[in-house]
Amino acid sequence: AAENGSQQQLDPALAAALPVGADAAPAAAGKLSSSSSLSSSGNKAAGTGSRQSFRERCKYIPLRLKLEERRLLRLLEAALNVSEYTDKVDILAWRSKTSRMHAQIKDFCAILSGLVVAQDYKRGQQLVADRDFDQNAEFFQAVFEIGRRYKIMNPEKMRSEFGKLVYMLMDSSDPGVQELLGFSCVRPLRTVAAFLEERGRLELLDDPLMEAATAEIVAGERPRALVARDIKRKEAARQALACKYKHAGLTEDEILWAIYSTSDNNSYLLFNRDPIDRMLQYFTSTFRPDSAEEGASLAITGGRGGARLTHSHERQYNYVLQSLTLWREISSDMFKLWYLAEQDMLRQGASYRLCDTGQGLNRVQGAPGVSRAMSGILSRCQAAIGHWVGSSVVHLGDHNVPNALFFLNKYTQVPQILNPVVLVLDELPRLAQNPQLGDYIASVFGSVDNARKAILTDFCRHAFDGSGADNFFDAGSCIDGRLTSAWNWCSKVEKKSYYPIFRLAGFVGFDGDWK
């Protein structure tokens, strides 16, 4: 139960802002203060500062890459960039697939070896001296593990290359392929908890100073002296932990490495979960479930404006609230979900079906670990909100979401959708300070508050209206269909009356660098 998260509780700060039952009005979420020293991803605000929580979180937090590992990562990315692994393997042909997989994996290892020669001739010479890949199994395992670790910490990176890597590693776990290769390409991920346990210092994660040593410091508009004070406090906590827990088998630098790696998780939450928190704050402070202001009703009707769902204002309010809450909880557990997804895809003997899902040939494979974790997250949200609007079906291992990699890729898009919207809402008051832009906003919307309300009303209606697919089953109100509707709204934003506001606020697009 602890592994799938069903016994965990919703963050207290979030639970306090959620309504219990359909008739209850939510407490207005506190406005995000720019003077706060901790973001909502910080341990205190997120409810993750307990010692037990650090132990649990660090089971899934990868170790930060060192300089030498980053050099190997560049080699891996270069090899993946020129590889045509999936083009050669994932095809419908009569020739033995095992032999195709074996040949392509050996070709990839050969490319990687050649790149090592180009980077470090002496090391590369040793690597290719006997041309026997199984003698260099440890090197290949290390390189592949570095790529997997980097992807978890940076989900927006390697968006095309990682698919090749994980599919190749998936095939290498096949017993027939392993017999031909002579070694396994997969080794366990190096996590903070595993590293400290190996060095006999797992109790470091129970130290109360871990909270201060890993907290995110947000400058905002605070005086520089206060920011510097918080930075010194954080550095002092790190040094105190390093001096306290060092021993013959664990240096101060290695302790700091583990602490910095844990801090990376908080940094991830700052940029990926905080946009959801801020959208929740805007949403709960702008709308009420029991009443709708004129021109700000969230009610939608199927068949109008592209909507597939029919909801009253109150029902749509709760539908949007629970969707944002669910996305927040998924973002909080994203490192854990990546870890479980790898276990599902790379487990020994894991099989898949190559099927035409309507978007080309894809590998369809179940993901029991991710499914259990999602059930736990969904149960937490349902218990906190008190009811559920729409379907609670989680598509995983079917034509909608073929495997765990597709599932995670969908939910790493949430901050890319919400962050631009939140930034535009934040920028509106500053835009209005310009006389010409202020006159424009006043002439079109009446005021800054009305402009903000118009954007939020349209977003909360049509980014959650069940649209974006050919049928109700593929989109609709299911867990994954909510994201489909949001992406459909993104594709039409340039047609909205408020789109000039987006452009004036610096909006370029929802999707970032493809690399």
Side-chain angles (χ1 to χ4, degrees), residues 1-8 10 56-62 145 147-156 158-159 162-163 165-171 173 186 188-189 191 193-194 265 268-269 272-273 276 322-323 325-353 355 357 359 362-382 388 391-415 474 478-484:
E3 180 170 322
N4 62 32
S6 62
Q7 297 301 316
Q8 297 178 12
L10 205 67
E56 179 65 21
R57 286 173 61 200
C58 289
K59 291 179 182 178
Y60 312 106
I61 297 176
E145 189 270 341
R148 292 155 52 204
R149 197 164 8 126
Y150 177 75
K151 177 63 175 179
I152 294 176
M153 294 186 289
N154 304 273
E156 74 281 1
M158 296 177 66
R159 290 173 61 180
F162 187 74
L165 174 62
V166 76
Y167 281 177
M168 184 182 70
L169 296 179
M170 185 190 297
D171 291 336
S173 300
V186 180
L189 278 172
T191 63
N265 179 242
Y268 170 85
L269 293 176
N272 292 271
R273 191 182 67 186
I276 308 175
Q322 70 186 23
S323 300
T325 304
L326 178 66
W327 291 354
R328 184 190 190 278
E329 292 301 298
I330 291 174
S331 295
S332 298
D333 284 355
M334 185 56 74
F335 277 27
K336 177 180 179 179
L337 291 171
W338 271 108
Y339 185 91
L340 296 175
E342 281 210 344
Q343 288 188 335
D344 287 336
M345 290 187 291
L346 306 182
R347 67 185 187 274
Q348 185 75 25
S351 60
Y352 62 86
R353 294 175 292 115
C355 301
T357 61
Q359 301 182 37
N362 285 295
R363 300 187 179 197
V364 179
Q365 180 191 51
V370 175
S371 295
R372 286 193 297 270
M374 277 300 299
S375 296
I377 292 172
L378 191 57
S379 297
R380 296 205 311 261
C381 293
Q382 290 172 332
W388 197 254
S391 171
S392 58
V393 173
V394 179
H395 290 288
L396 189 54
D398 58 15
H399 75 279
N400 289 299
V401 187
N403 53 56
L405 180 61
F406 275 79
F407 181 84
L408 292 178
N409 279 337
K410 283 175 70 76
Y411 285 98
T412 55
Q413 310 304 311
V414 170
D474 290 347
C478 65
I479 300 303
D480 306 290
R482 301 165 196 242
L483 258 180
T484 304

| task | Please assess Glu145 against Leu189 for the test side-chain contact (heavy atoms from CB on, under 4.5 Å), listing each intermediate value before the final yes or no. | result | CA-CA 6 Å; Glu145 189 270 341; Leu189 278 172; 3.9 Å; yes

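- The shortest heavy-atom contact between Lys410 and Thr484 is NZ-OG1, 3.9 Å.
- In terms of heavy-atom proximity, Leu346 sits nearest to Val186 at CD1-CG1, 4.2 Å.
- Lys59 has a carboxylate O that lies under 4.0 Å from a charged side-chain N of Glu56, or vice versa, which qualifies the two as a salt bridge.
- Aromatic ring pairs are classed by plane angle as parallel below 30°, tilted from 30° to 60° and perpendicular above 60°; the pair Phe162 and Trp338 is perpendicular.
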| message | With side-chain contact (heavy atoms from CB on, under 4.5 Å) as the criterion, how do Met334 and Leu408 come out once you've worked through the C-alpha distance, each side chain's angles and the decisive distance to 0.1 Å? | response | CA-CA 8 Å; Met334 185 56 74; Leu408 292 178; 3.9 Å; yes

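- Checked by atom type, the side-chain pair Asp333/Tyr339 shows no donor-acceptor distance below 3.5 Å.
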| message | For Phe406 and Asn400: C-alpha separation, side-chain torsions, deciding distance, then whether side-chain contact (heavy atoms from CB on, under 4.5 Å) applies. | response | CA-CA 9 Å; Phe406 275 79; Asn400 289 299; over 6 Å; no

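- Side-chain contact between Arg273 and Glu329 is absent, with no heavy-atom pair separated by less than 4.5 Å.
- With respect to Glu342, the salt bridge (charged side-chain N to carboxylate O under 4.0 Å, His left out) criterion is satisfied by exactly one of Lys336, Arg347, Arg149, Arg148: Arg148.
- Two residues are said to be in side-chain contact when any heavy atoms from C-beta on lie closer than 4.5 Å; Met374 and Leu340 fail this criterion.
- Residues Cys381 and Trp388 are in side-chain contact: their nearest non-hydrogen atoms beyond the backbone lie under 4.5 Å apart.
- The pair Asp171-Arg363 meets the salt-bridge criterion, with a side-chain N (NZ, NE, NH1 or NH2) lying under 4.0 Å from an Asp/Glu carboxylate O.
- Between atom CD1 of residue Ile152 and atom CG of residue Leu337 there is a gap of 10.5 Å, rounded to the nearest 0.5 Å.
- Side-chain contact between Thr191 and Cys58 is absent, with no heavy atoms from C-beta onward closer than 4.5 Å.
- In this structure, Tyr352 and Asn362 have side chains that are not in contact, with every pair of non-hydrogen atoms separated by 4.5 Å or more.
- There is no side-chain donor-acceptor pair under 3.5 Å between Tyr268 and Asn154.
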